[in-house]
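In what follows, every heavy atom counts, from backbone to side chain, and hydrogens, waters and symmetry copies are set aside. Order of appearance sets the numbers: ligands from 1, and atoms from 1 within every ligand. One-based numbering along the sequence shown. Just so we're clear, the structure is a prediction, and the values are computed from it rather than from any experiment.
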Amino acid sequence: MLDEILHRVETAHTLTKNEIVDLLTQTDTQALFEAADRVRQQFVGDGVYLRALIEFSNHCKNNCLYCGIRASNSHIPRYRLTQNQIVLTAQKAAGFGYKTIVLQSGEDVWFDTDKLCDIIREIKKLDVAVTLSVGEKKREEYAAYRQAGADRYLLRIETTDKNLYEKLDPGMSWDNRVRCLQDLKELGYEVGSGSLVGLPGQTLESLADDLLFFQKLPVDMAGIGPFIPHPQTPLAGEKSDGHFELALKMMAVMRLLLPDINIPATTAMETLHPQGRLLALQSGANVVMPNTTDTEFRPFYELYPGKICLGDSAEKCRGCVEEKIKSIGRYIASGKGSRGDYLKEK
Ligand code: SAH
């Protein structure tokens with residue numbers, strides 16, 4: 001039965017909600033992962049795109065129950081890179097050969113539209129793609145960043161279960177998050193979304209809904225992250241058992257449903273499993289986002305505990321990731337097209 005479903009999705013790329021739940025329930029995952037790996041190879045090839053991640057501020061006005069940098073966490077020192085530091089970090093990353101710079105932060109109101117646009121314009125001079133991941137904004141703000149040169153935007157829906165979302169993200173509206181994703185699409189961004197897997201109260205049915213939501217939008221990229229409880233949050237007592245395996249299955253099914261999108265092997269996967277990112281790359285992923293934030297600040301961007309490579313320089317991270325990618329017979333996508341734009345013919 002499952003073989004039949006897998007065979008069909010591998011060629012037709014559609015599944016019903018029940019079929020997705022069946023696949024996510026599987027304990028024998030080999031056939032699923034192999035099918036996702038074949039589809040990845042057929043549609044996006046063996047090249048792995050590297051994106052340089054800069055975590056430029058851990059100030060956040062929101063209070064998401066799962067997140068270590070939530071406003072109410074008074075235990076972490078807050079930092080904010082200067083405009084100059086951000087641009088210098090991007091220059092260094094471009095010097096290492098990165099073709100995409102990802103600027104991520106908490107929802108920090110100090111970086112108003114003018115400041116962010118200045119930063120985007122400076123970084124665009126480096127002839128790289130710029131991805132923003134700075135949360136929910138007004139449509140006009142998204143339009144201004146785009147005007148300044150931003151190419152892509154990452155905003156995870158986290159969960160498509162509206163009730164669960166609004167319970168875990170107090171004061172935030174699920175409808176507004178969807179509005180943001182739609183605005184971003186309409187403004188011509190390549191849009192990335194994604195989910196957290198293993199949230200308390202989350203069901204397999206709701207995870208299936210997440211995948212159908214990504215297919216419907218459709219997203220150009222999507223990151224699946226296992227939820228890892230942070231000790232200084234209200235969800236400190238939760239467990240992370242099984243989250244890695246479930247996240248990997250979600251990611252593999254996502255590759256089957258959305259064969260040509262960009263899918264990162266997420267850092268949180270490697271926190272839960274020493275080979276997490278390599279296993280992800282062999283189960284559907286085609287992107288890795290090495291951290292290029294200065295090591296002085298890295299420990300403080302603590303979304304979850306146990307973040308990897310805290311003390312490693314940007315140079316070391318790149319070298320290490322390159323080695324790993326080569327060890328599984330894949331290569332770093334470079335040369336023409338190495339920005340890794342989403343290439344679907346519209
Ligand atoms: N402010 C930006 C960036 C958020 S941080 C935004 O709103 O998009 C990036 C991602 O970290 C979040 O989207 C969330 O999915 C993930 N994250 C937060 N807390 C986490 C946790 N405890 N475990 C795993 N991932 C987490």
For the residue pair Glu166 and Met172, establish whether any side-chain heavy-atom pair is separated by less than 4.5 Å. no
Among Gly194, Ser193, Gly135, which one puts a heavy atom closest to atom 6 (C) of ligand 1? Gly135
Is it the case that ligand 1 has an N or O less than 3.5 angstrom from some N or O of Tyr66? yes
Are any of the N or O atoms of Glu158 closer than 3.5 Å to those of ligand 1? yes
Contact check: Arg156 vs ligand 1, nitrogen or oxygen atoms, below 3.5 angstrom: yes
Can you figure out which of Ile228, Thr159, Thr266 has its heavy atom closest to atom 21 (C) of ligand 1? Ile228
State which residues pass side chain to side chain contact (heavy atoms under 4.5 Å, CB included) with Asp28; sequence neighbours excluded, sorted by chain then number. Gln30
Between Glu19 and Arg8 (salt bridge meaning N to carboxylate O under 4.0 Å), is one present in this structure? yes
So which of Gln104, Lys61, Lys307, Met172 gets nearest to atom 9 (C) of ligand 1, if we judge by its closest heavy atom? Gln104
What's the shortest heavy-atom distance between Gln26 and Lys249, and which atoms? O-NZ, 2.7 Å
Quick one: salt bridge (charged side-chain N to carboxylate O under 4.0 Å, His left out) partners of Lys239, sequence neighbours excluded? none
Out of Leu196, Leu303, Asp108, Thr267, indicate the one that has the non-hydrogen atom closest to atom 25 (N) of ligand 1. Leu196
Those atoms of ligand 1 less than 4.0 Å from some heavy atom in Leu155: 8 (O)
Could you measure the distance from the OH atom of Tyr66 to the CG atom of Leu303? Nearest 0.5 Å is fine. 10.0 Å
Just going by heavy-atom distances, which of Ser105, Gly192, Gly225, Pro226 is nearest to atom 4 (C) of ligand 1? Ser105
Would you verify whether the NZ or CZ of Arg51 falls within 45 degrees of the ring axis of Tyr98 while also being under 6.0 Å from that six-membered ring's centre? no
